[in-house]
Amino acid sequence: MLRTHTCGELNKDHIGQTVTLSGWVDRVRDHGGGKFIDLRDRYGKTQVVIDPDSPKQAMDNVQPVRNEFVIQVIGKVSERPAGQDNPKISTGQIELHVEELNVLNACKTPPFVPNQKDLPNEDLRLKHRYLDLRRKPMQETLVLRSRIIKAMRDYCEANDFIDVETPILGRSTPEGARDYLVPSRVHNGQFYALPQSPQIYKQIMMIAGYDRYVQVARCFRDEDLRADRQPEFTQLDMEMSFVDGDDVIGMIDGMMQKLAKDVLDIDLQLPLPRMTWDEAMTRFGHDAPDLRFGVEIVDLTDIAAKTEFRVFRSVADSGKFVRGICAPNGQSKFSRRGIDDLTKFVQEDFGAKGLAWFRVEEDGTLNSTIAKNFQAEELAEIATRMEAKPGDLVMIIADTWEVSCKALYGLRKRIGAELELYDPKTMNFSWVTEFPMFEHDPEADRWIAMHHPFTAPLESDLEHLDTDPGKARAQAYDLVINGYEAGGGTIRIHDNKIQEKVFGLLGLNAEAAQERFGFLLDALQYGAPPHGGIALGIDRVVMLFNNLENIRDCIAFPKTQKATDLMMEAPNLVETLQLKELGIEITKTDDDA
RNA sequence: GGCACUGUAGCUCAAUUGGUUAGAGUACCGGACUGUCGAUCCGGUGGUUGCGGGUUCGAGUCCCGUCAGUGUCGCCA
């Protein structure tokens, strides 16, 4: 037997027993006469003692032992001498006196060790991921991830969901994100696509009568990465029949309540708050607002229209918007130079023309280099509307609706973090609903589906499809946690007539729609029940429940920003023979450029 | 594709703002030490400053290019 116990479970109750432990050497403390070894596994650490009374076998075998060796120790559990307890570890009241020590495997001098204080650079961590994953924070995250997924599955099972696996090799549907393509050997020149989501399969499952479907589904999107975005990620994918949006939201409300209780021991009040997309954009400039703090956008366009300040006047007169936010006590953090930084930020990242700002003086008046362009009453009106207090910093963007939303969202996010307007440990759950059906693409002058082309419009907005598609709102809902989109879903179109109309608006004629989604259109005609669903980003949920800022730390083997795996060195070149079998010829590589 | 930050010993960082032989902690190697738990003490090995070019009497430091990691905008139905 290689071990009788783990390194985290021995305590005073085991004193006197002879046990066998196996694990990694976390640290060796050499005192000449004796040695202390902290033996580690994922359950904890146990102190192993070798002293002059230990058998020669152990004395000899321990000689070459260094960090991260894998060893096995047989010995007697002993109470530690008085005053020598270590309260930092679960086994701190006992230690193991060695009777036999075996090196199960040596370890090269590692580039870094799991208990090291300063984390190595990310590329090194990813290259030696097996070492990085030995770190306690990584192990805790992966354990929590496992618990979260189990809680999700338990909840779904309790609610009669059926777990169904859908294919990884599917069909390319060029709408939306770029597909990862897989060449077919049997059909040279043809390709499978990895699923961006199991969307169509799960709808087909509804038509097939499996009224509650769930899957922990791996999804793939060949787009650029972010701190919260990986090219391959995991969704809790769900679909339900005979439901409306409230039913789906209610189901997820219950799941979040269970997760919060099971995982974080937080009691969530249900129903979770909801706001419409319009409201979110107006108040926060974004469809996933962070509601852990206030600081809402204030519209000043009407005041701006009255002023002599040409920048504001011209923007207001041309139908654009003058909107701002007020950073509480913002002057403490943002000096003139800090404001210059914010100005650069909104210009470079969001294309804003500039940033107008005012300091709120002790007497409550607004002051700034541009203040002379305003009447005192106008400044007072701005201050009143923004509820500006002495010490605050008022920031105003005069631009199109879109730019003011983006820039103010960016500013709000920054000041929230930099002025510490919220406790980063708090959790905030909410819904954003009634997304627009379509976005207008000004370049191609056409409508694009905001969610996906199977999204059902609100019943009340059906008429807009014919008259003013931009006004049509969807039966869509996003779950927002701490300013992140943690999931999103819609009620689907089950009526083929409406589906055809939507395809038409998206520029897909009957022929093109049949070509791309024919199988779904066919299926919809064979008794499709009303249905809808949602997909939760599991990696993001894990990130948020762990209070992490980086999704790579929630995934065992993540990719770098350039979508490579530094450990496996993927992607890689393949054998010419493989390409030949696939009928593929490489005509251009990165090296050509 | 754009912008920004980072890259110096195995690892984490420093180098007085362009100046002489690039330092420290840790790891590693050797030695001392019977109770430590980030053990301690003594000694030692270890460097193409990511790579290529340029400016300069002189470059880790400045400039250009490039590679890699990260953040972000575009992108992500």
| message | Under 6.0 Å between ring centres: does that hold for A:Tyr201 and A:Tyr213? | response | no

| request: Could you work out which one of B:C33, B:C76, B:G74 sits closest to the side chain of A:Asp224? | output: B:G74

| field | Residue A:Asp349, side-chain atoms from C-beta onward, closest of B:A68, B:U72, B:G74 | value | B:U72

| Which residue lies more 5' along RNA chain B, comparing A:Gln196 with A:Leu119 via nearest heavy atoms | A:Leu119

| request: Taking atom types as modelled, find out whether A:Glu569 and A:Thr564 have a side-chain donor-acceptor pair closer than 3.5 angstrom. | output: no

| Do the two ring centres, one from A:Tyr43 and one from A:His5, sit under 6.0 Å apart? | no

| Under 3.5 Å, is there a donor-acceptor pair linking the side chains of A:His97 and A:Glu99? | no

| said: Any donor-acceptor pair, under 3.5 Å, between the side chain of A:Arg552 and the base of B:G69, if you only look at N and O atoms? | reply: no

| field | Any-strand Watson-Crick or G-U partner of B:A24, both distances under 3.5 Å | value | B:U12

| With both distances kept under 3.5 Å, what pairs with B:C3, Watson-Crick or G-U wobble? | B:G71

| Looking only at N and O atoms, is any donor in the side chain of A:Arg80 or the base of B:C37 less than 3.5 Å from an acceptor on the other one? | yes

| task | Assert yes or no for the condition that the ring centre distance of A:Phe435 to A:Tyr477 is strictly below 6.0 Å. | result | no

| request: Could you please name the option among B:C11, B:G69, B:C76 that lies closest to any side-chain atom of A:Thr560? | output: B:G69

| message | Tell me if B:U17 is syn or anti. Syn = glycosidic torsion within 90° of 0, anti otherwise. | response | syn

| task | Can you tell me the pairing partner of B:C33 across any strand shown, Watson-Crick or G-U wobble, with both distances under 3.5 angstrom? | result | none

| What about A:Arg221, does its side chain sit under 3.5 Å from the base of B:C75 through a donor-acceptor pair? | no

| Base paired to B:G19 (Watson-Crick or G-U; both N/O distances under 3.5 angstrom) | B:C57

| said: Can you tell me which nucleotide in B:C76, B:U72, B:G35 comes closest to the side chain of A:Glu95? | reply: B:G35

| request: Starting from C1' on B:C76, measure out to CD on A:Gln199 and report it in whole angstrom. | output: 16 Å

| task | Measure from CD on A:Glu549 to C1' on B:U70 and round the result to the nearest Å. | result | 13 Å

| said: With a 3.5 Å limit on both atom pairs, tell me what B:C51 is paired to, counting Watson-Crick and G-U wobble, or say none. | reply: B:G65

| message | Can you list everything that forms a side-chain hydrogen bond (donor to acceptor under 3.5 Å, both in side chains) with A:Asp461? Sequence neighbours excluded, please. | response | A:Arg473

| Presence of donor-acceptor pair under 3.5 Å, side chain of A:Asn121 and base of B:G7 | no

| field | Candidate nucleotides B:U36, B:C75, B:U34, ranked by approach to the side chain of A:Pro52 - the nearest | value | B:U34

| Spacing of A:Lys127 atom NZ relative to B:G10 atom P, expressed in whole Å | 13 Å

| said: Checking contacts here: which listed nucleotide (B:A68, B:C3, B:G74) is nearest the side-chain heavy atoms of A:Lys406? | reply: B:G74

| said: What is the separation between atom CG on A:Leu225 and atom P on B:G69, rounded to the nearest whole Å? | reply: 11 Å

| request: State, without any angle test, whether A:Arg516 and A:Thr173 hold a side-chain donor-acceptor pair at a distance under 3.5 Å. | output: no

| note | For residues 36-51 of chain A, the salt bridge (Lys or Arg N to Asp or Glu O under 4.0 Å) pairs (sequence neighbours left out) are A:Arg3-A:Asp41, A:Asp26-A:Arg40, A:Asp26-A:Lys45, A:Arg29-A:Asp38, A:Arg40-A:Glu68

| remark: Side-chain atoms of A:Glu122 come closest, of B:C75, B:U36, B:U70, to B:U70

| said: Classify A:Thr455 by what it touches in the nucleic acid, base, sugar-phosphate, or nothing, heavy-atom distance under 4.0 Å. | reply: nothing

| Taking atom types as modelled and ignoring hydrogens, do the side chains of A:Thr490 and A:Arg492 form a donor-acceptor contact shorter than 3.5 angstrom? | yes

| request: Determine, for nucleotides 23-31 of chain B in 5'-to-3' order, which nucleotides have protein heavy atoms under 4.0 Å from the base (write B), from only the sugar-phosphate (write S), or from neither (write -). | output: ----SSS--

| message | Applying the 5.5 Å / 30° rule, does A:Phe36 stack onto the base of B:U36? | response | yes

| query | With a non-hydrogen cut-off below 4.0 angstrom, is A:Asn86 in contact with a base, only sugar-phosphate, or nothing? | reply | base

| task | When you get a sec, tell me which of B:U70, B:C11, B:A68 is the closest nucleotide to the side chain of A:Leu124? | result | B:C11

| message | Tell me the interatomic distance from A:Glu348, atom CD, to B:C3, atom P, rounded to whole angstroms. | response | 10 Å

| remark: Side-chain atoms of A:Lys88 come closest, of B:G69, B:C37, B:G38, to B:G38

| said: Suppose we screen for side-chain hydrogen bond (donor to acceptor under 3.5 Å, both in side chains). Which residues come up paired with A:Ser172, at least two apart in sequence or across chains? | reply: A:Asp179

| message | Could you identify the nucleotide paired to B:G38, looking across every strand shown and requiring Watson-Crick or G-U wobble geometry with both distances under 3.5 Å? | response | none

Show me the protein contacts with nucleotides 40-48 of chain B, counting only N or O atoms at under 3.5 Å.
none

| field | Axial cation check for A:Phe345 ring with A:Arg414, 6.0 Å and 45° limits | value | yes

| said: With hydrogens left out and only the distance checked, is there a donor-acceptor pair under 3.5 Å joining A:Gln561's side chain and the base of B:G71? | reply: yes

| said: So A:Thr564, base contact, sugar-phosphate only, or nothing? Heavy-atom distance under 4.0 Å. | reply: sugar-phosphate

| Can you list the residues that meet the side-chain hydrogen bond (donor to acceptor under 3.5 Å, both in side chains) rule with A:Lys56, with sequence neighbours excluded? | A:Asp60

| field | Minimum-distance nucleotide (side-chain atoms of A:Pro81 versus B:C76, B:G10, B:G35) | value | B:G35

